[in-house]
Amino acid sequence: MADTVRVLDQQNAPFNLTDYLAAKKAVVEAALDQSLPIARPEKIYEAMRYSLLAGGKRLRPILCLSACELCGGSEAMALPTACALEMIHTMSLIHDDLPAMDNDDYRRGKLTNHKVFGEDIAILAGDGLLAYAFEYAAAQTQGVAPQNLIQVLARLGRTVGAAGLVGGQVLDLESEGKTDVSAETLTFIHTHKTGALLETSVVAGAVLAGASQDAQAKLTLYAQRIGLAFQIVDDILDITATQAELGKTAGKDLVAQKVTYPSLWGLEESRRQARHLIDEALGALESFGEKATPLRALAEYIVERKN
Ligand code: GRG
């Protein structure tokens with residue numbers, strides 16, 4: 001992980017991203033653990049907790065907390081939404097790994113949900129997490145103007161549906177095995193399947209804090225650029241990283257005959273495009289000054305990450 005990123009904190013001292021990520025991750029892990037106690041029927045709660053607490057970078061909740069704090073809000077205001085984002089992300093991974101979708105045996109270094117609990121329970125664990133994400137954010141958020149919370153809940157709904165993750169996944173499935181997928185279609189797939197939830201993670205944090213339209217627009221641009229860069233790096237890592245580094249099967253895109261950015265542009269050009277997007281994301285943060293140090297560091301982390 002990039003420790004010495006090219007950013008400074010508010011005292012002009014080097015900002016330590018490793019410490020920042022560890023602290024935020026600990027807050028998120030504790031909140032997720034508390035969010036979902038085992039109840040009856042135990043099996044479904046165990047399946048939901050198995051994937052929700054399986055680790056992962058927790059990038060989406062951390063982006064939400066950081067954006068909220070940048071815009072003058074508190075960590076506590078954004079924590080329920082941050083957990084909801086991770087519940088939604090986790091459910092999308094459970095469903096993505098199913099035999100009917102990407103058919104994977106490993107995720108986050110562990111057997112996938114359906115390998116442990118069976119396909120029927122894995123589908124329901126995903127459904128349960130999706131429903132609970134909305135219940136949890138709606139019921140647990142405090143200190144936020146009601147109209148801002150409603151805006152966030154509506155945005156979450158749009159992000160997971162046909163206008164977001166579901167739509168991106170459908171086009172991805174339809175494109176499998178095709179050799180004539182254009183860069184424009186690939187970008188549509190990824191801005192919906194991956195980018196939409198990353199964008200909502202950042203913008204939801206800003207909305208919860210009551211950020212101005214101008215701040216929201218700048219953060220939207222930042223999030224769109226890091227979202228696409230994240231996916232380009234994901235495609236690169238699928239080729240260059242090992243299963244141990246990724247915690248999931250490596251080299252899957254080639255086996256599934258998926259068009260990816262490296263297959264269209266080559267590895268070097270893909271790296272260059274990702275770097276360019278990160279530079280644009282950093283540009284969008286300029287007017288926030290040193291307060292945006294964590295979001296700058298997170299952008300650098302996205303291109304430098306190894307998993
Ligand atoms: C949302 C209703 C609903 C259904 C799901 C299966 C599906 C529809 C969409 C697929 C979404 C998907 C799995 C996109 C890939 C996103 C991606 C690059 C995931 C990896 O994210 P990381 O690297 O993973 O942040 P960790 O494990 O660190 O959290």
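When a ligand or atom number is given, it counts from 1 through the structure's own listing order. Keep in mind that the numbers below use all heavy atoms, side chains included, and drop hydrogens, waters and symmetry copies.
Using modelled atom types, one side-chain atom of Ser92 and one backbone atom of His89 make a donor-acceptor pair closer than 3.5 Å.
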For each nitrogen or oxygen atom of ligand 1, which protein N/O atoms lie closer than 3.5 Å, and how far apart are they, rounded to 0.1 Å?
from	atom 1	to	atom 2	distance (Å)
ligand 1	21 (O)	Arg60	NH2	3.2
ligand 1	23 (O)	Lys57	NZ	2.6
ligand 1	25 (O)	Arg60	NH1	2.8
ligand 1	25 (O)	Arg60	NH2	3.4
ligand 1	27 (O)	Arg108	NE	2.8
ligand 1	28 (O)	Lys57	N	2.9
ligand 1	28 (O)	Lys57	NZ	2.8
ligand 1	29 (O)	His89	NE2	2.8
ligand 1	29 (O)	Arg108	NH2	2.8

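Put simply, Leu93 and Tyr45 are part of two different groups of oily side chains (I, L, V, M, F, W, Y) that touch within less than 4.5 Å, one to the next. By the rule that hydrophobic residues join a cluster once side-chain heavy atoms approach within less than 4.5 Å of another member, Leu53 and Ile94 end up as members of one cluster.
Not counting sequence neighbours, Gln216 has no partner by the side-chain hydrogen bond (donor to acceptor under 3.5 Å, both in side chains) test.
Annotation: side-chain hydrogen bond (donor to acceptor under 3.5 Å, both in side chains) contacts involving residues 32-41, sequence neighbours excluded, comprise Asp33-Arg49.
Grouped with Leu277 in one hydrophobic cluster are Val181, Leu186, Leu228, Ile232, Ile236, Ile239, Val259, Tyr261, Leu264, Trp265, Leu267, the linkage being side-chain heavy-atom contacts under 4.5 Å among Ile, Leu, Val, Met, Phe, Trp and Tyr residues.
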